[in-house]
Undergrad: 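Just passing along the structure, written as structure tokens.
Every chain is numbered from 1 and lettered A, B, ... according to where its sequence line falls, protein lines coming before strand lines. The basis for the numbers below is simple: all heavy atoms, side chains too, and nothing from hydrogens, waters or symmetry mates.
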Amino acid sequence: KAGVTQTPRYLIKTRGQQVTLSCSPISGHRSVSWYQQTPGQGLQFLFEYFSETQRNKGNFPGRFSGRQFSNSRSEMNVSTLELGDSALYLCASSLWGGTYEQYFGPGTRLTVT
Amino acid sequence: GIQVEQSPPDLILQEGANSTLRCNFSDSVNNLQWFHQNPWGQLINLFYIPSGTKQNGRLSATTVATERYSLLYISSSQTTDSGVYFCAVNTPLVFGKGTRLSVIA
């Protein structure tokens, strides 16, 4: 079974621009979660989607948004990029969410200049 | 919210040595996972272990939920074991700051 895939793997953007990241979960998995990893803050939860509905949201500004499609693929969008948004963005999928084991993709490394 | 503390923060070993990584958490948990982050940033699943003991080759893990800690044991370490090991609890996952392991040949 193929693992979680994320595109693009690397991205360079300029302050003020917006960006969209994509995540395809493991086949059959219904829950997708997004996490941000920075050297200063470590790994932090952004949001979780299940059956096209946002089920949980972390403590991030409204510039961070996401959605999930009927095939469980998910996208996250960051508008009006700031230098501090430079990070590794990781997507995780699990069968049903909740206490089910989560599996991570390779991540998208975003650099904002 | 729940706090997750990992120790030690850094660990340097000679190849072939054994090690124990610890994860303490401040409240009861319904989920606990151990990950190894490879040099390219991907989190590799090691164990899903909210309680009990599991083994997978040279790695094993024990979670004592009533005492709020989990241990990851690495035996006969290899250079490929180098990287950062994370403990994460609950849903959504709350991560510790990790243990950076360096195995020297």
Undergrad: Do you know which of Gly58(A), Gly105(A), Gly107(A) has the most heavy-atom pairs with chain B at a distance under 4.5 angstrom?
TA: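 Heavy-atom pairs under 4.5 Å are most numerous for Gly105(A).
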Undergrad: Between Leu43(A) and Phe86(B), is a side chain to side chain contact (heavy atoms under 4.5 Å, CB included) present by the stated rule, with each step listed?
TA: CA-CA 10 Å; Leu43(A) 281 148; Phe86(B) 288 100; 4.0 Å; yes
Undergrad: Can you tell me how far the SG atom of Cys91(A) sits from the CG atom of Leu43(B), to the nearest 0.5 Å?
TA: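 Interatomic distance, Cys91(A) SG to Leu43(B) CG, rounded to 0.5 Å: 11.5 Å.
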Undergrad: Are Val32(A) and Leu95(A) grouped together when hydrophobic residues (ILVMFWY) are joined by side-chain heavy atoms under 4.5 angstrom apart?
TA: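 Unlinked, Val32(A) and Leu95(A) end up in two clusters.
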Undergrad: For Asn45(B), is it the side chain, the backbone, both or neither that has a heavy atom under 4.5 Å from a heavy atom of chain A?
TA: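 For Asn45(B), the side chain is the part near chain A, not the backbone.
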Undergrad: Determine the option with the most heavy-atom pairs under 4.5 angstrom with chain B, choosing from Gln37(A), Gln6(A), Glu48(A).
TA: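 Maximum pair count with chain B is reached by Gln37(A).
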Undergrad: Treating Ile, Leu, Val, Met, Phe, Trp and Tyr as nodes and any side-chain heavy-atom pair under 4.5 angstrom as an edge, say whether Val78(A) and Trp34(A) lie in one connected cluster.
TA: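 Linked within one cluster.
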Undergrad: Answer with yes or no whether the hydrophobic clustering places Val64(B) together with Leu71(B); edges join I, L, V, M, F, W, Y residues whose side-chain heavy atoms lie under 4.5 Å apart.
TA: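 Looking at the clustering, Leu71(B) is in the same group as Val64(B).
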Undergrad: Decide whether Ile49(B) and Tyr103(A) are clustered together by the hydrophobic rule: side chain heavy atoms of Ile, Leu, Val, Met, Phe, Trp, Tyr closer than 4.5 Å, transitively.
TA: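 No, separate clusters.
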Undergrad: Is the number of heavy atoms from other residues, nucleotides or ligands under 6.0 Å of Tyr100(A) OH greater than 12?
TA: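 No - once you tally the heavy atoms of other residues, nucleotides and ligands closer than 6.0 Å, there are 12 at most.
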Undergrad: Are the ring centres of Tyr35(A) and Phe95(B) closer than 6.0 Å?
TA: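 They qualify: ring centres under 6.0 Å apart.
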Undergrad: Shared ILVMFWY cluster between Leu46(A) and Val94(B), side chains joined below 4.5 angstrom?
TA: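 No: no chain of side-chain contacts under 4.5 Å links Leu46(A) to Val94(B).
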Undergrad: Is there a side chain to side chain contact (heavy atoms under 4.5 Å, CB included) between Leu93(B) and Phe104(A) once you walk through the steps?
TA: CA-CA 12 Å; Leu93(B) 291 173; Phe104(A) 282 80; 4.0 Å; yes
Undergrad: How long is the gap from CD on Gln102(A) to CD on Gln33(B), to the nearest 0.5 Å?
TA: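 Here the rounded value is 6.0 Å.
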Undergrad: Contact part of Leu90(A) toward chain B, heavy-atom cut-off under 4.5 Å: side chain, backbone, both or neither?
TA: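 Contact with chain B involves the side chain of Leu90(A) alone.
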Undergrad: Checking Arg55(A) against chain B: side chain, backbone, both or neither under 4.5 Å from a heavy atom?
TA: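 Contact with chain B: none, neither part.
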Undergrad: Going from CG on Leu88(A) to CD on Gln42(B), what distance comes out if it is rounded to the nearest 0.5 angstrom?
TA: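 Interatomic distance, Leu88(A) CG to Gln42(B) CD, rounded to 0.5 Å: 10.0 Å.
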